[in-house]
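To start, the structure itself, in structure tokens.
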Amino acid sequence: MTWTYAPAPESAALANLQPAYRPFIDGEFVDGNGSMKTVNPATEEVLAEVGTASADDVDRAVAAARRAYETTWGPMPGAERAKYLFRIARIVAERARELAVLETLDNGKPIRESRDVDVPTAAAHLFHHAGWADKLEYAGLGPSPKPLGVVGAVIPWNFPLLMAAWKVAPALATGNTIVLKPAETTPLTALVLAEIAAEAGLPAGVLNVLPGAGDIGAAVVAHPGVAKVAFTGSTDVGKQIQRTLAGTGKRLTLELGGKAANIVYDDAALDQAVEGVVEGIFFNQGHVCCAGSRLLVQESIADELMELLRSRITTLRVGDPLDKNTDVGAINSRAQLDKIVDLAAAGDAEGARRWTSPCPLPERGLFFPPTVFSEVEQTMRVAREEIFGPVLSVLTFRTPAEAVAKANNTPYGLSAGVWTDKGAKAMWTGRQLRAGVVWTNTFNRFDPTSPFGGMGESGFGREGGRAGLAAYLDG
Ligand code: NDP
């Protein structure tokens with residue numbers, strides 16, 4: 001049964017939305033060379049005008065970052081760098097409510113998630129790395145690890161502030177400076193992060209934020225003044241970047257797509273597994289690189305699990321992202337919605353059985369109902385391609401070996417989940433799975449102390465933990 005709740009909307013006014021935002025270069029907000037509009041996907045209304053960077057701005061930003069690296073930030077003792085990072089982390093925490101509402105307006109994700117996951121996890125990454133800044137020689141990365149120089153970072157639209165923090169925190173803690181290109185559809189929180197850095201007194205040029213389209217991302221990564229590139233986004237763009245960087249000697253980490261298997265054995269606690277499966281695919285509308293988008297369920301419990309799953313999904317509320325009762329918010333862009341619609345249609349055409357949650361959808365805005373495809377074969381596009389939306393594909397297996405073979409039958413290798421009552425079975429399965437992160441009896445858990453990253457077409461390099469620091473240092 002679905003409970004009826006009165007709407008509990010968070011106030012949009014808390015976002016302190018400005019009519020216009022501008023690129024941040026060398027410690028100042030500058031006019032940029034053009035402009036774009038950023039849109040609230042829940043209403044399709046324009047939120048703000050955003051100045052965009054040009055190729056010249058990329059030059060200016062890299063030069064400013066280089067100067068800051070050579071004159072202020074690079075030579076600064078780690079304990080001093082830490083003070084700035086702690087200050088930035090504290091201001092992010094203090095302005096958490098404003099950032100959460102702004103993120104929800106620009107991205108479409110439920111306020112519950114931006115409030116409870118995105119912003120606190122971004123602050124946690126900043127605090128964690130601030131703590132490392134004066135202890136790098138004890139990180140087990142050599143007696144005197146050295147920064148690399150200017151980092152070029154390009155981030156996607158699914159966790160805009162969190163991805164900015166994942167790049168900025170380790171880059172700055174290790175003594176590098178950074179030029180950051182946020183995604184075209186979600187530039188606002190990265191620009192507020194720049195404002196926060198200025199408020200914290202961060203020296204000019206240490207952090208530069210360049211809104212713009214893919215061409216600006218391409219210009220940042222190709223710039224000869226950039227020593228290290230950190231990219232999160234699609235596998236296609238990751239491959240292009242790898243080609244651009246081949247032979248340049250630049251360091252590169254790539255965090256790309258995924259098609260994670262969530263394996264449920266017949267001895268699992270089914271109610272908990274259902275929660276984990278729902279969390280795995282419907283968190284953030286399924287716009288999650290490590291989403292558990294392929295459910296592998298043991299055949300003997302498939303009918304029971306599917307029934308439990310459908311009844312749980314039926315209770316998910318899809319709608320106004322600012323409403324604190326909302327579980328599934330808006331799809332970030334029209335292009336992404338079209339992609340989800342097309343891939344779901346491919347599921348129908350290839351013979352999978354579609355079930356759609358009967359939840360009501362808002363009359364306007366970009367929404368897609370929670371959807372489950374059963375009777376999925378491994379060759380189908382819904383089993384192979386990253387849908388990046390609230391669409392789950394269900395396959396069955398009979399033996400642990402079959403579960404592992406099916407789970408590993410993907411070019412990706414970012415994450416996986418295992419649900420079982422037996423520790424030994426969980427350990428055995430985890431060891432067989434080709435995935436950078438394996439969760440047991442849980443899913444989508446993130447912590448700055450724990451390295452995150454993939455293998456195969458999900459990319460390489462780790463973010464978080466000691467391994468994440470290593471990516472920004474010369475041992
Ligand atoms: P992209 O990989 O195109 O975008 C990620 C970032 O890279 C954005 O800032 C983008 O800018 C920028 N970019 C685009 N082209 C280039 C380039 N040639 N060189 C350098 N930077 C570039 O992902 P999309 O937003 O287009 O999403 C497409 C699909 O990718 C999704 O449907 C999903 O399947 C997958 N994806 C996976 C993510 C993950 O976390 N694994 C995150 C996002 C998407 P701009 O925004 O201006 O295009």
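Heads up: numbering here begins at 1 and tracks the sequence. We count ligands from 1, going down the list as the structure has it; atoms in each ligand are counted the same way. Values below: every heavy atom of this structure, side chains too, minus hydrogens, waters and symmetry copies. If you're wondering where the values come from, they're calculated on a predicted model, not measured in any experiment.
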**Prompt:** Without hydrogens or angle criteria, can the side chains of E103 and T189 be said to hold a donor-acceptor pair below 3.5 Å?
**Reply:** yes

**Prompt:** If you measure only the distance, is there a donor-acceptor pair under 3.5 Å linking the side chains of Q336 and D338?
**Reply:** no

**For ligand 1, the portion of N158 having any non-hydrogen atom under 4.0 Å away** = side chain

**Message:** Does any N or O of ligand 1 fall below 3.5 Å from an N or O anywhere on Q336, backbone included?
**Reply:** yes

**Request:** Just let me know how L256 lines up against ligand 1, side chain, backbone, both or neither, with a heavy-atom cut-off below 4.0 Å.
**Result:** backbone

**Item:** Proximal ligand 1 atoms for G257, defined as those under 4.0 Å from one of its heavy atoms
**Value:** 41 (N)

**Message:** Run the side-chain contact (heavy atoms from CB on, under 4.5 Å) test against P182 and tell me which residues pass, sequence neighbours left out.
**Reply:** I155, P187, A190, V209

**Message:** Show me which atoms of ligand 1 lie under 4.0 Å from any heavy atom of W157.
**Reply:** 24 (P), 25 (O), 27 (O)

**Item:** Short N-O contact, E45 and R364, less than 4.0 angstrom
**Value:** yes

**Request:** Using non-hydrogen atoms of the residue, decide whether S333 is closer than 4.0 angstrom to ligand 1.
**Result:** no

**Item:** Sub-4.0 Å atoms of ligand 1 with respect to non-hydrogen atoms of C289
**Value:** 39 (C), 40 (O), 41 (N)

**Asked** So, E195 and R95, do they make that salt bridge, N to O below 4.0 Å?
**Response** yes

**Fill in**
of all protein heavy atoms, closest to atom 46 (O) of ligand 1 is E184 N, 2.8 Å

**Prompt:** Can you tell me which residue and heavy atom of the protein come closest to atom 13 (N) of ligand 1, and the distance to 0.1 Å?
**Reply:** G214 CA, 3.7 Å

**Message:** Could you identify the single nearest non-hydrogen protein atom to atom 11 (O) of ligand 1 and state the distance to 0.1 Å?
**Reply:** K181 NZ, 2.8 Å

**Prompt:** Are any of the N or O atoms of I155 closer than 3.5 Å to those of ligand 1?
**Reply:** yes

**Rounded distance [0.5 Å steps], CG in L207 versus CD1 in I196** = 10.5 Å

**Fill in**
Sorted by chain and number, sequence neighbours left out, salt bridge (Lys or Arg N to Asp or Glu O under 4.0 Å) with D236 holds for none

**Item:** Protein heavy atom under 4.0 Å of atom 26 (O) of ligand 1
**Value:** no

**Message:** Within ligand 1, which atoms have a heavy atom of A183 less than 4.0 Å away?
**Reply:** 9 (O), 46 (O)

**Message:** Return the closest protein heavy atom for atom 44 (C) of ligand 1 as residue, atom name and distance.
**Reply:** F388 CE2, 3.8 Å

**Request:** Could you check which of L180, V237, N332 puts a non-hydrogen atom nearest to atom 22 (C) of ligand 1?
**Result:** V237

**Item:** Closest protein heavy atom (residue, atom, distance) for atom 30 (O) of ligand 1
**Value:** S234 CB, 3.0 Å

**Prompt:** Under 4.0 Å from atom 4 (O) of ligand 1, is there any protein heavy atom?
**Reply:** no

**Request:** Run down the list E385, K339, E386 and name the one with the heavy atom closest to atom 29 (C) of ligand 1.
**Result:** K339

**Item:** D31 vs R22, salt bridge (charged side-chain N to carboxylate O under 4.0 Å, His left out): CA-CA, chis, key distance, verdict
**Value:** CA-CA 6 Å; D31 280 341; R22 297 188 296 162; 2.8 Å; yes

**Residue pair W157, N107: steps toward the side-chain hydrogen bond (donor to acceptor under 3.5 Å, both in side chains) verdict** = CA-CA 7 Å; W157 44 263; N107 171 279; over 6 Å; no

**Asked** Among the heavy atoms of F159, does any lie under 4.0 Å from an atom of ligand 1?
**Response** no

**Fill in**
Near Q240 (heavy-atom distance under 4.0 Å), the atoms of ligand 1 are 18 (N)

**Fill in**
Counting heavy atoms under 4.0 Å, the part of H287 that contacts ligand 1 is neither

**Fill in**
The reported gap from NE2 in H125 to CH2 in W166 (rounded to nearest 0.5 angstrom) is 5.0 Å

**Asked** At what distance is the nearest protein heavy atom to atom 43 (C) of ligand 1, and which residue and atom is it?
**Response** P156 CB, 3.5 Å

**Message:** Show me which atoms of ligand 1 lie under 4.0 Å from any heavy atom of G212.
**Reply:** 47 (O)

**Asked** Is it true that E10 and R115 have a side-chain N and a carboxylate O under 4.0 angstrom from each other?
**Response** no

**Item:** Numbered atoms and elements of ligand 1 in range of V154, under 4.0 angstrom, heavy atoms
**Value:** 6 (C), 7 (O), 9 (O), 12 (C), 21 (N)

**Request:** Go through the side-chain N and O atoms of D57 and S54 and say whether any donor and acceptor fall under 3.5 Å apart.
**Result:** yes

**Message:** Aromatic contact between W355 and F373, with the criterion being ring centroids under 6.0 Å apart: yes or no?
**Reply:** no

**Item:** Close aromatic pair by centroid cut-off 6.0 Å: W439 and F443
**Value:** yes

